[in-house]
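Report on one structure; see the data block that follows.
Only a predicted model underlies this, so the values are computations on that prediction, with no experimental measurement involved.
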Amino acid sequence: MDKRSLSIAGHRTSIALEPEFWAALDAMAAEKSQTMAALIRDIDENRQTANLSSAARLAVLRWYQDKMPG
C-alpha cells in the first residue's frame, strides 16, 4: 500500500491504495488533463461509498470497464 496526502475541497486527506491503483489514477488524470488532486476531488464529489479509497478503486474499475469493447 502506498499512502498519499492530498488537499481537496480545502482540507488535507490521506488515501492508501495499492501501487497499481495509483498508476491507473495517474493514467486517468493524464487522459483528462487533470492533476491527481483534481481527479480525486471529482471522485470524492461523486462517490456513492463512505470510504474515499474504495471510491477511488471503483472509479478505476469503471474507467477500465468503459475502455472494454462491447
Side-chain angles (χ1 to χ4, degrees):
M1 289 281 210
D2 289 343
K3 191 171 191 174
R4 297 190 192 181
S5 295
L6 302 159
S7 189
I8 45 176
H11 68 277
R12 297 288 291 171
T13 189
S14 295
I15 305 172
L17 294 170
E18 295 78 7
E20 294 84 359
F21 282 102
W22 284 117
L25 289 168
D26 283 333
M28 288 172 65
E31 183 179 276
K32 296 180 178 193
S33 299
Q34 289 183 304
T35 64
M36 179 64 72
L39 176 64
I40 297 296
R41 183 194 67 234
D42 288 350
I43 291 169
D44 185 40
E45 290 173 355
N46 296 300
R47 68 180 155 145
Q48 304 293 314
T49 65
N51 185 291
L52 183 54
S53 295
S54 294
R57 288 184 185 94
L58 290 171
V60 167
L61 175 62
R62 280 190 301 275
W63 185 66
Y64 279 116
Q65 286 175 330
D66 288 346
K67 293 186 167 305
M68 293 178 65

- Task: Report the residues that fulfil salt bridge (charged side-chain N to carboxylate O under 4.0 Å, His left out) with Glu20, sequence neighbours left out, ordered by chain and then residue number.
- Result: none

- Under a side-chain separation threshold of 4.5 Å, the hydrophobic residues clustered together with Ile43 are Leu6, Ile8, Ile15, Leu17, Phe21, Trp22, Leu25, Met28, Met36, Leu39, Ile40, Leu52, Val60, Trp63, Tyr64

- Minimal non-hydrogen separation, Ala16 against Arg57, with atom names: O-NH2, 3.6 Å

- Item | Pair Ser54, Thr49: side-chain N/O donor-acceptor within cut-off below 3.5 Å | no

- Got a donor-acceptor contact below 3.5 angstrom from the Ser7 side chain to the Gly10 backbone? no

- Partners of Arg62 by salt bridge (charged side-chain N to carboxylate O under 4.0 Å, His left out), sequence neighbours excluded? none

- Message: For the CD atom of Glu18 and the OG atom of Ser53, what is their distance to the nearest 0.5 Å?
- Response: 8.5 Å

- Query: Does atom CD of Gln65 have more than 12 heavy-atom neighbours, drawn from other residues, nucleotides or ligands, at distances under 6.0 Å?
  - Reply: yes

- Does Arg41 use its side chain to pair, donor to acceptor, with the backbone of Asp44 at less than 3.5 Å? no

- Could you give the distance from CD (Glu31) to CG (Asp26), rounded to the nearest 0.5 Å? 13.0 Å

